[in-house]
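Everything below concerns the one structure shown next.
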Amino acid sequence: MIVISSVNQKGGTGKTTTIYHLSYLLARKYRVLTIDLDPQATLTIAYGVDPDQLDQGVDTVLESYATRKKSRIKLTDIAVDIEWDDVKFELVPSRDYLEGLNVTLTNVLGRERILSKAISDIDGFNVVLIDCQPTFSLLTINAMVASDYLIIPVETAYFSLHGLLLLLDTVEMIKEELNPDLKILGIIPFKYDKRLTASRKNLERIKKFEDRVKVYPPIPLSTYFEKSIEEKKPLYAFTSKTAKEGLKVFEEIVKDVERIIGR
Ligand SMILES: Nc1ncnc2c1ncn2[C@@H]1O[C@H](COP(=O)(O)OP(=O)(O)OP(=O)(O)O)[C@@H](O)[C@H]1O
Ligand SMILES: [Mg+2]
């Protein structure tokens, strides 16, 4: 089983969009469990689950592990089935209660490894995907500690680069202190507009990180990513050139994951 988190402390970079499409594409070949670890619950909503109607969320699971209850609630106990075009996978949904855990977990012994423990108690999956919130919160640290690989979506915008440096430093810190085996699958430049000089320049700047980490081809700026969520349709349902280009990038990531799983 391989665990992959989509991380960036900056908001709106494409973290949720990445997990949204990868869950579907990977579920065509593998047993996938997707965890929404963002209290904003955008991934949960994107898959058509209403967080306000949920009796239990990923918060329930983490709390049961944190309080060392005898009857722990497993991730699979609360996961909901998602079916998209005959492709099935399971989603551990989020709701706004989750934000409170960033506070309640603070005084818990082993607070950085709670999600990792919850994941080690499940089996039968080939891939676990985690969507993170846009901060270096205790929840995000839990995701990084539980992960084998990180995917880093970055906007092709000037300010993104400073954030990227900070993020790579944080990953080094997590490796030193908490998870020495953590690796970065790659950076995905998002919302690339080749007509704009600034976008092209910023892509070049992101590519300079290639000596440290893989940089995937850019995902173009396109309304089809929002449309795909609104209409609950996978990217290949759209004939637009930009949707196809985006799909190609996600398919390259799927191939990399296949290679890792096949090892
Ligand atoms: N390639 C793209 N072109 C244009 N818009 C996009 C593209 N990819 C994603 N978006 C839109 O940008 C917004 C932010 O994307 P997304 O929610 O994936 O980012 P995020 O990093 O998860 O945000 P947050 O930090 O709030 O969790 C969404 O409205 C999404 O539909
Ligand atoms: Mg998000």
Side-chain angles (χ1 to χ4, degrees), residues 4-25 34-49 51 57-58 91-96 98-99 102 129-137 139-144 147 150-157 159-164 166-167 170 184-196 198-200 202-203 206 215-238 240-253:
I4 307 169
S5 290
S6 180
V7 294
N8 195 329
Q9 76 283 3
K10 201 172 175 307
T13 61
K15 294 179 285 296
T16 302
T17 302
T18 299
I19 298 294
Y20 179 77
H21 293 293
L22 283 183
S23 300
Y24 169 79
L25 293 171
T34 300
I35 303 172
D36 187 351
L37 203 64
D38 181 356
Q40 297 180 96
T42 35
L43 185 68
T44 301
I45 297 164
Y47 285 132
V49 177
V58 65
L91 170 76
V92 179
S94 170
R95 46 184 195 160
D96 55 9
L98 183 62
E99 185 60 49
N102 276 319
L129 296 169
I130 306 172
D131 186 24
C132 292
Q133 69 181 145
T135 55
F136 287 131
S137 63
L139 288 169
T140 305
I141 292 170
N142 261 272
M144 290 193 187
S147 293
L150 302 178
I151 291 182
I152 306 178
V154 177
E155 274 188 89
T156 46
F159 284 128
S160 307
L161 294 149
H162 302 278
L164 184 55
L166 180 65
L167 177 52
T170 307
I184 297 173
L185 195 63
I187 293 172
I188 317 174
F190 250 84
K191 305 186 190 178
Y192 176 61
D193 188 344
K194 63 180 174 212
R195 294 166 304 180
L196 298 179
S199 202
R200 290 200 304 270
N202 289 321
L203 179 62
I206 294 170
V215 178
Y216 286 98
I219 302 231
L221 182 79
S222 160
T223 53
Y224 286 93
F225 293 91
E226 233 154 51
K227 260 197 186 140
S228 159
I229 292 176
E230 262 173 45
E231 297 175 17
K232 308 235 167 344
K233 281 185 192 158
L235 281 176
Y236 75 73
F238 302 100
S240 112
K241 201 171 153 234
T242 49
K244 281 197 160 60
E245 261 175 57
L247 179 60
K248 242 173 84 184
V249 179
F250 291 128
E251 280 173 342
E252 184 174 336
I253 298 171

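This chain uses plain numbering: 1 for the first residue, then up along the sequence. The structure presented is a predicted model; accordingly, all values stated were derived computationally and were not measured. Atoms within each ligand, like the ligands themselves, are counted from 1 in listed order.
- With hydrogens and angles left out, the side-chain atoms of Ser199 and Thr156 include a donor and acceptor closer than 3.5 Å.
- Contact annotation: for Pro153 versus ligand 1, there are no heavy atoms closer than 4.0 Å.
- Between the choices Thr16, Thr242, Asp193, Ile188, the shortest heavy-atom distance to atom 17 (O) of ligand 1 belongs to Thr16.
- When only interatomic distances are considered, the shortest N/O to N/O separation between Thr13 and ligand 1 falls below 3.5 Å.
- Taking CG from Leu164 and CD1 from Ile187, the interatomic distance works out to 4.5 Å, rounded to the nearest 0.5 Å.
- Side-chain atoms of Leu37 and Gln133, non-hydrogen and from C-beta on, never get closer than 4.5 Å to each other.
- Looking at Glu226, His21, Lys15, Glu230, it is Glu226 that brings a heavy atom closest to atom 31 (O) of ligand 1.
- Ranked by closest heavy atom to atom 3 (N) of ligand 1, the top entry among Ser222, Gly12, Pro189 is Ser222.
- The nearest heavy-atom contact from the protein to atom 2 (C) of ligand 1 is Phe225 CD1, 3.5 Å.
- Nearest non-hydrogen protein atom to atom 6 (C) of ligand 1 is Lys191 CE, 3.7 Å.
- Backbone or side-chain N, O or S atoms of Ser6 do not reach the Mg ion (ligand 2) at under 2.8 Å.
- Taking every heavy atom of Gly11 and a limit of under 4.0 angstrom, the matching atoms of ligand 1 come to 25 (O).
- Between the side chain of Asn8 and the backbone N or O of Pro153 there is at least one donor-acceptor pair closer than 3.5 Å.
- Using the six-membered ring where Trp is involved, Phe250 and Phe225 have ring planes that are perpendicular, over 60° apart on the 30 and 60° scheme.
- Comparing heavy-atom distances from atom 8 (N) of ligand 1 across Phe190, Tyr192, Tyr20 singles out Phe190 as nearest.
- Between the side chains of Tyr24 and Tyr236, at least one donor-acceptor pair of N or O atoms lies under 3.5 Å.
- Contact annotation: the side chain of Ile188 approaches that of Ile253 to within less than 4.5 Å [non-hydrogen atoms, C-beta and beyond].
- Annotation: atom 1 (N) of ligand 1 to nearest protein heavy atom, Pro220 O, 2.8 Å.
- By the 4.5 Å heavy-atom criterion applied to side chains, Leu129 and Ile35 are not counted as neighbours.
- Residue contacts with ligand 1 leave out Thr42, since none of its heavy atoms falls under 4.0 Å from the ligand.
- Per-residue contacts place Asp38 under 4.0 angstrom from the following atoms of ligand 1 (heavy atoms of the residue considered): 27 (O).
- When heavy-atom distances to ligand 1 are checked against a 4.0 Å cut-off, Thr18 has no atom that comes that close, whether in backbone or side chain.
- Protein heavy atom at the shortest distance from atom 19 (O) of ligand 1 is Gly14 N, 3.0 Å.
- If you take CZ on Arg95 and CG on Asp38, they are separated by 15.0 Å, rounding to the nearest 0.5 Å.
- A heavy-atom distance below 4.5 Å is found between the side chains of Tyr20 and Ser228.
- Note that CD1 of Ile151 is 11.0 Å distant from SG of Cys132, once rounded to the nearest 0.5 Å.
- At a heavy-atom cutoff of 4.0 Å, ligand 1 is contacted by the side chain of Gln40 but not by its backbone.
- Of the N or O atoms in Ile219, none lie within a sub-3.5 Å distance of an N or O in ligand 1.
- Below 4.0 Å from some heavy atom of Leu221 lie the following atoms of ligand 1, by number and element: 3 (N), 4 (C).
- Side-chain contact between Ser94 and Asp131 is absent, with no heavy-atom pair separated by less than 4.5 Å.
- Given atom 15 (O) of ligand 1, the protein heavy atom at minimum distance is Thr17 OG1, 3.7 Å.
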